[in-house]
Every structure is written in structure tokens, then in C-alpha cells.
Colleague: 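Before I ask anything, here is the structure I am working with.
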Amino acid sequence: MKASHAHPRLVVIGNGMAGMRTVEELLKLAPDMYRITVFGAEPHGNYNRILLSPVLAGEKTVDDIMLNTREWYDANGITLHAGDPVVRIDRKKRVVHAASGLAVPYDRLLIATGSKPFIVPVPGHQLPGVIGFRDISDVDTMLAAARAGGKAVVIGGGLLGLEAANGLLRQGMEVAVVHVMGSLMNQQLDPPAAELLRASLELRGLRILLNRQTVAIEGTDRVASVRFEDGETVDADLVVMAAGVRPNVELAKAAGLHCERAIVVDDTLQTYDPRVYAVGECVQHRRATFGLVAPIWDQARVAAAHLAGSGHRRYVQQATATKLKVTGVDLYSAGDIVGGEGSEDLVLRDRRSGIYKRLVVAGNRLTGAVLYGDVADGPWYFDLIQQRTDISSIRDQLLFGRAHSDDVAAQAA
């Protein structure tokens, strides 16, 4: 049911996963509270950005990853302006201005502008054929390049870079992954797991170039090669930048909202302006920024509760888990994998079957887990980390997984 003109107006800037999840949560709590208008930069409904990698790999279609079709907005009385991004926020008059010239007033504003790929600012980074990996348009560009064949270079050996590289390889391109660090996915994996991953990806046909500092992208009319600090070059018909993201804060900054690395929010996801909330990759909460979906879902629930007027919830940062979306590569990382003073590593390594597990224990608590080859118990380990469960009674069985630990616990009982 559409809210009447007597209802306050909620404008959402950003038609992505964070903003729309907040709207979905709000509709559960107070379906008729607001007249809702949504502005999005892309000419689509809301889709699952996490599943762009399977679309690139040919395992899913764009239709498969749509979360909210245009019909959904209509059914919920939401006005959607897709392909018409907001370019200015007038906080004094409480009006947003879109690129089309459209001006819409608001009583509450939700900013969910997400992030943008960090394009390494080396000479040649603006050449045709150099792209990020962020949206459907980027996937379309990569698929077109793959149809033409040739060589791709992916700059960045993190989660997103490896998924992009795998997708391009699956589409028939020759692919090299360039990473400035000495091991892949260095934020999520310890060196032994990273080495197993590198060996597996190389067997699939990926070329992995570690400890490489990119200094230039070369070409005349379009990209032709990538040059490193030591003078080595690799040929490239396509360069994908996957070296991290930067929060989209220009709009908020221009509106005078307090920003540091991202838009600063409190525990209710409210900015320094009490009429303005922000969620997702564009926010900074207690000095942290966010890129994984689990914390953003938590933010959406909290922001929706406060927008609905049932403001008893507070956002609390939790441990996060990472899983690589590359078919045939089983990898799971959760919590603090570095450890600290007083922590202990429990390690299981089975080279023959390609299984590696490392659990980080501090006191009688599991604080981190890295799994390669056998990830079935990943969610269970993650639950132990989040719940801060006392694992002293199952410590000796912990590496062997939940079933074994449950058996021991049952016998002890």
C-alpha cells in the first residue's frame, strides 16, 4: 500500500544492496510510514553485486542475480529513478537534486552510495581497456573483451581480483594476476594457505605474478601492456583494476556532512545531521569501513529500526568471514587470523589431499580460522568465534571438525 501525502518522505540515494536491504527491513517494521523515493546511478533494479563473479564466469545470468525488479518497487509504492544519480544534497532546504534536473524534497535521507574501484594512478590508467570490476557494465565490458580473445591482466590478488581472473579464464582469455604483496589474499590468508591457493590457480592456467609494483600501463589508442618497477612488461588487451575500493563520499562531503575516510555514523547509523542516515560501504563506524555483506545487513537492520521509530537497536561490529567464489577452490577465512601475544595456532596439514586448517586460539576462545580444501566446518568455526564459546572441553578435537567435537562432548556428558 502506498503511503499518502500526509506521510513523511524518505529519499534513498543509492539503489544497491545496502540501501535496498534497509528499505526491505523498514517495510517489515513500518510498511506505510514513508513515501519512499529511490535514486540509482545504474539503469536497473537492485541486484546482488556479490554474484557478479559467477555472471562473469558464465555460471549465472544478470536475471539470476536481480534482487528487486522494477515490479517490486511498484508493488511497494516506491518511486524508482534508475539511471539518474543524485548530484547535490541541499540540507538547508532538505532537497536532493538529480542529474536529470529532478528535485525531490525529503524528511529523512538515507545515503547508500557504496564505493568505487581504486584505479591505481599510474601513467596510462585512463587508456581504453582499463576498467574496474564493480557493476554490470564492467562485466559486460569484460565479456566483450573475452569474446575477442587475447590477454587480460588483473591488478590485485585479493578476493575480487581472483574472482575476476577466474571468470576471464573461464571465458577463454589468457590471464595474469599481478599482486604487490608476496602472497595472495594476504588480508584473509596466512602464507601456507595462500601458497596452496597459488598452486591450485596456476594448475587451472592462471599466471600469478607476486611482489610486482605496477608503474605504467602502456599503449597508444588502447592498453597494450603493463610495466613493472623492475622493467618487466606483460602484454594486455584488457586490464582489470581490483586493488581495493574507496568509499563514495564526494556527495556527502559537498553537502557538508562530516566525513573522514567515509561518512562518519554513530551506533544508530545516523550522520552528524539527525535527518540523514547512511549505510554500507560509504560509511565509517568507530574508525572502521566495510566491504563484506554480513556487517552491511546488520547496519540495514539497525538503520531501518531507527527510521521506523523503534530505535532500540545499536550497530555492533562483529567478526567477519570470507569465502572465495571460484568453482572448485574451497577456501574459508574468519575472524582474526594474525593472532597476538598469548594466542596459539592449531594446525592440520594433509598435503596428499590438499587440506590445510589453521585455528587461532586465545585463552579458551577460538578467535580466527583459515581453511583450505575442506571448508565444511567453516560456519561452525565462525559461530564459535562470534559467540565467544569456551572451547576448552573440545580443544583437542577442534581441528577435526564439528562432528568429532560433538561426539567427544556427548561422551563427556
Side-chain angles (χ1 to χ4, degrees), residues 50-60 117 120 131-133 138-139 142-143 145-146 149-214 225-226 228 232-244 291-292 321-334 337 349-358 369-376 378:
I50 298 166
L51 295 178
L52 284 173
S53 299
V55 173
L56 177 61
E59 296 164 1
K60 290 188 180 295
V120 183
I131 61 166
F133 181 25
D138 292 331
V139 172
M142 285 192 260
L143 289 173
K151 298 179 178 179
V153 170
V154 177
I155 297 178
L159 193 65
L160 196 63
L162 296 181
E163 290 179 0
N166 177 67
L168 291 168
L169 184 72
R170 294 278 300 269
Q171 294 291 347
M173 295 194 85
E174 291 181 43
V175 185
V177 176
V178 174
H179 195 45
V180 70
M181 305 300 287
S183 62
L184 296 171
M185 289 183 65
N186 49 286
Q187 291 186 343
Q188 292 91 9
L189 299 183
D190 58 9
E195 182 57 26
L196 286 168
L197 175 61
R198 182 192 64 79
S200 173
L201 293 175
E202 286 183 336
L203 278 174
R204 289 165 167 261
L206 285 177
R207 184 180 175 196
I208 307 294
L209 303 173
L210 302 174
N211 296 307
R212 300 298 206 284
Q213 181 77 48
T214 301
S225 63
V226 176
F228 306 124
E232 179 189 6
T233 63
V234 290
D235 293 340
D237 303 293
L238 177 74
V239 173
V240 179
M241 294 277 191
L292 297 174
T322 301
K323 193 171 183 181
L324 184 66
K325 290 180 291 297
V326 171
T327 307
V329 177
D330 294 318
L331 184 71
Y332 193 93
S333 171
I337 66 158
R349 186 185 275 112
D350 184 341
R351 286 190 173 86
R352 180 173 292 178
S353 56
I355 291 172
Y356 172 82
K357 296 183 180 182
R358 175 168 157 265
V370 178
L371 312 177
Y372 185 92
D374 177 6
V375 299

Colleague: For residues Ile355 and Tyr372, determine if any side-chain heavy atom of one lies less than 4.5 Å from a side-chain heavy atom of the other.
Modeller: no
Colleague: For Ser225, enumerate each residue passing the side-chain hydrogen bond (donor to acceptor under 3.5 Å, both in side chains) test, keeping only those at least two apart in sequence or located in another chain.
Modeller: Glu218
Colleague: Would you say that Val226 contacts Thr233 through its side chain, given a criterion of any heavy-atom pair below 4.5 Å between the two side chains?
Modeller: no
Colleague: Using side-chain hydrogen bond (donor to acceptor under 3.5 Å, both in side chains) as the criterion, list what pairs up with Glu195, not counting sequence neighbours.
Modeller: Arg198
Colleague: Just to verify, what does Asn211 make a side-chain hydrogen bond (donor to acceptor under 3.5 Å, both in side chains) with, not counting sequence neighbours?
Modeller: none
Colleague: Quick check on side chain to side chain contact (heavy atoms under 4.5 Å, CB included): which of Val154, Val240, Leu238, Val153 does Val175 satisfy it with?
Modeller: Val154
Colleague: Kindly give the heavy-atom pair with the smallest separation between Leu292 and Ala321, and that separation in Å.
Modeller: CD1-O, 3.9 Å
Colleague: Once rounded to the nearest 0.5 Å, what's the spacing between atom CZ of Arg351 and atom CG of Leu196?
Modeller: 8.5 Å
Colleague: Using the test salt bridge (charged side-chain N to carboxylate O under 4.0 Å, His left out), find all partners of Arg207 that sit at least two apart in sequence or belong to another chain.
Modeller: Glu232
Colleague: Please list, chain by chain and in numerical order, all residues satisfying salt bridge (charged side-chain N to carboxylate O under 4.0 Å, His left out) with Asp374, sequence neighbours excluded.
Modeller: Lys357
Colleague: Just to verify, what does Asp235 make a side-chain hydrogen bond (donor to acceptor under 3.5 Å, both in side chains) with, not counting sequence neighbours?
Modeller: none
Colleague: So which heavy atom on Gly156 is nearest to which on Val177, and how close?
Modeller: O-CG1, 3.9 Å
Colleague: Any side-chain heavy atom of Arg212 sitting closer than 4.5 Å to one from Val180?
Modeller: no
Colleague: Nearest 0.5 Å, what's the CG-CG distance between Leu184 and Leu201?
Modeller: 6.5 Å
Colleague: Looking at side-chain heavy atoms only, is the closest gap between Tyr332 and Val370 below 4.5 Å?
Modeller: no
Colleague: Any side-chain heavy-atom pair from Met181 and Leu210 closer than 4.5 angstrom?
Modeller: no
Colleague: Quick one: CZ on Phe133 to CG on Leu52, what's the gap to the nearest 0.5 Å?
Modeller: 5.5 Å
Colleague: Is atom CD of Gln187 surrounded by more than 12 heavy atoms (other residues, nucleotides or ligands) closer than 6.0 Å?
Modeller: no
Colleague: Indicate whether the side chain of Ser353 and that of Asp350 have a donor and an acceptor atom separated by less than 3.5 Å.
Modeller: yes
Colleague: Could I get the full list of side-chain contact (heavy atoms from CB on, under 4.5 Å) partners for Pro192, not counting sequence neighbours?
Modeller: Asp190, Arg349, Tyr356
Colleague: Backbone N or O of Lys151 within a donor-acceptor pair of the Asp237 side chain at under 3.5 Å?
Modeller: yes
Colleague: Output the distance between atom CD1 (Ile131) and atom CG (Asp138), rounded to the nearest 0.5 Å.
Modeller: 5.0 Å
Colleague: I need the Glu202 CD to Ile208 CD1 distance, nearest 0.5 Å.
Modeller: 5.5 Å
Colleague: How many angstroms lie between atom CG of Leu371 and atom NZ of Lys323, to the nearest 0.5 angstrom?
Modeller: 10.0 Å
Colleague: Determine the minimum heavy-atom distance between Ile337 and Ser333, stating which atoms define it.
Modeller: CG2-OG, 3.7 Å
Colleague: For residues 160-174, tabulate all N or O donor-acceptor pairs below 3.5 Å that involve a side-chain atom, not counting sequence neighbours.
Modeller:
unit_1	atom_1	unit_2	atom_2	d
Glu163	OE1	Ser53	OG	2.7
Glu163	OE2	Lys325	N	3.0
Glu163	OE2	Lys325	NZ	3.3
Arg170	NH1	Glu59	OE2	2.7
Gln171	NE2	Leu56	O	2.8

